[in-house]
Amino acid sequence: MDPVRNPYAPGAGQRPPELAGRDRELKQFEVVLERVARGRPERSMIVTGLRGVGKTVLLNAFRSQAIQRLWGTGKIEARPDQSIRRPVASALHRAVRELAPRHRAPDRIEDFLGVLKAFAQAEPETSGKGKARAHRWQPGIDVPASRGRADSGDLEIDLTELFVDAASVATDVGVGIALFVDEMQDIPADDVSALCAACHELSQVGGPLIVVGAGLPHLPAVLSASKSYSERLFRYARIDRLDRESADFALLAPAEREDVTFTKDALDALYGAADGYPYFVQAYAKVVWDVAPDTPITADDIKVAAPEAESELAVGFFGSRYERATPAERDYMRAMAMLGDDPVPTAAVADELGRKPSSLSPARDGLIKKGLIYSAERGMVAFTVPHFGTFLRSQPA
């Protein structure tokens, strides 16, 4: 069939042609937006799940909902080696620029931008040897930096003051501000604590600013470790693979808009291959469309396409992650894979390798930092990528 008309989109964070199976989460976020808009107390929202289940796509869908309600929005992607100070400053700068044309008092906007600039510059620049540089980062805000507000250098104090001031600007306009944080588990520990403290203060004063995060399954544990009250601070939504009905809809709806359909046997085969994971659904469907000679797409078409789809996943989805690991980390992952696809005890991994558990700590910690595995619970580890164990077992030793 015509590859130009192929509707499927297996990309990192790329919205699929049909966002199937996420109606519950979208409705939950709609409630959050409505309650905040009415001045009702409401928690910020956290979405968790494995790689490839559509967390980033859902985060972007949430952002679209907020934009439709004329909220100010900004988004950051956390990195383990970077403070959130500058990314948050840039995100809130964008959010307030979206609100500025509707604000009746330009001076209020300029006052906030002065605070925002001071916040952005409060962290000292350092050279490779840890010495402060002479210059300061310029965030592109064309007003003088304020003094005495959000500029102490203590991120917890500064972020709290900044959030309160930003919420005040949103209140003036009668809407809210939403800060979206992807890969939230990668925020440095001190910054996580500061972010939770700022959200806690907002929840107490009722300011219309929410933080919406997405991250791996252990993100709730990361937040809880930073502040004991974090489990009451956020509304958690765990997303997973699609059920059969939703997976079929994700395939059929975009195809039928192109006057193409699938036989029942083809849908059975595709669900078996993709296992309901949204990224895999799109990856298999894209290849199947390109190899199928005509509609309806049949189970035989799936058989022809499956090896090519699996080859592409082996290189782009699994292989790219495997290549990031050191030899010691690869040995650790292979040992995990030999023990099965469920979370495994770290002691069992050590036994599989014939090593002491303490000697494997650097490899385990390196894999966690790279986002390849996570600690499912104390003493247990699991892959962040679905079917990664199957991929590893298929690789030569």
Side-chain angles (χ1 to χ4, degrees), residues 13-15 19 26 28-40 42-47 56-78 84-121 137-146 149-150 158-184 195 198-199 201-203 205-214:
Q14 188 170 349
R15 185 182 175 111
L19 185 56
L26 292 170
Q28 283 181 341
F29 191 62
E30 193 68 32
V31 170
V32 171
L33 292 174
E34 184 64 28
R35 286 180 59 82
V36 172
R38 296 187 181 191
R40 301 292 177 88
E42 188 52 76
R43 292 171 291 174
S44 292
M45 194 163 178
I46 300 293
V47 176
T56 301
V57 169
L58 188 56
L59 201 67
N60 290 336
F62 288 163
R63 188 177 182 183
S64 294
Q65 287 179 291
I67 290 172
Q68 288 170 8
R69 287 177 168 268
L70 301 180
W71 280 41
T73 67
K75 183 182 175 185
I76 70 172
E77 181 176 318
I84 62 170
R85 184 181 287 269
R86 292 182 183 177
V88 165
S90 296
L92 288 184
H93 186 201
R94 175 171 180 168
V96 170
R97 287 205 316 268
E98 291 173 356
L99 301 182
R102 288 176 280 139
H103 202 289
R104 296 180 180 179
D107 289 349
R108 284 272 289 143
I109 297 294
E110 287 197 8
D111 288 346
F112 173 75
L113 291 178
V115 172
L116 183 63
K117 188 171 187 177
F119 170 84
Q121 295 180 333
W137 180 62
Q138 298 298 323
I141 300 174
D142 193 23
V143 298
S146 299
R149 184 73 175 168
D158 295 349
L159 196 59
T160 299
E161 292 180 347
L162 183 71
F163 276 9
V164 169
D165 287 4
S168 178
V169 170
T171 299
D172 293 344
V173 184
V175 293
I177 288 175
L179 173 65
F180 296 88
V181 185
D182 206 0
E183 301 292 349
M184 195 172 182
L195 185 63
C199 290
E201 178 66 22
L202 277 174
S203 69
V205 301
L209 187 154
I210 58 173
V211 173
V212 187

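With hydrogens and angles ignored, the 3.5 Å screen pairs no side-chain donor or acceptor of Ser168 with any backbone N or O of Val164. Judged purely by atom type and a 3.5 angstrom limit, Arg63 has no side-chain atom pairing as donor or acceptor with the backbone of Phe180. Under the 3.5 Å distance criterion, the side-chain polar atoms of Lys117 are matched with a main-chain donor or acceptor of Val143.
In this structure, Leu195 CG and Ser44 OG are separated by 8.5 Å, a value rounded to the nearest 0.5 Å. Note that the CZ atom of Arg43 and the CZ atom of Arg35 stand 9.5 Å from one another [nearest 0.5 Å]. Residue Leu33 holds its CG atom at 10.0 Å from CD of Gln68, rounded to the nearest 0.5 Å. Atom CZ of residue Phe29 and atom CG of residue Leu59 lie 8.5 Å apart, to the nearest 0.5 angstrom. In this structure, the separation between CE on Met45 and CZ on Phe62 is 4.0 Å, given to the nearest 0.5 Å. To the nearest 0.5 angstrom, Glu77 atom CD is 5.5 Å from Asp182 atom CG.
Residues satisfying the side chain to side chain contact (heavy atoms under 4.5 Å, CB included) test with Glu161, not counting sequence neighbours, are Arg149, Ala150, Ile157.
Taking the charged nitrogens against the carboxylate oxygens, Arg69 and Glu34 do have a contact shorter than 4.0 Å, which makes a salt bridge.
Taking both residues in full, the closest heavy atoms of Ala89 and Phe119 are given as CB-CD2, 4.1 Å, listed atom of the first, atom of the second, then distance. Here the shortest heavy-atom pairing between Val211 and Met184 reads CG1-CE, 4.3 Å.
The closest side-chain heavy-atom distance from Arg108 to Asp172 is below 4.5 Å. Side-chain contact between Phe112 and Val96 is present, with heavy atoms from C-beta onward closer than 4.5 Å. At a threshold of 4.5 Å between non-hydrogen side-chain atoms, the residues Asp165 and Val169 do not count as touching. Leu58 has its side chain within reach of Leu26: a pair of non-hydrogen atoms, C-beta onward, lies under 4.5 Å apart. At a threshold of 4.5 Å between non-hydrogen side-chain atoms, the residues Phe163 and Glu201 do not count as touching. Arg15 places none of its side-chain heavy atoms less than 4.5 Å from the side chain of Asn60. Proximity of Val88 to Leu159: side-chain heavy atoms (C-beta onward) are separated by under 4.5 Å at one or more points.
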* To do: Test side chain to side chain contact (heavy atoms under 4.5 Å, CB included) on Ile210 and Glu42 and set out the steps.
  => CA-CA 9 Å; Ile210 58 173; Glu42 188 52 76; 6.0 Å; no
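Heavy atoms of other residues, nucleotides or ligands lying less than 6.0 angstrom from CZ of Arg102 number more than 12.
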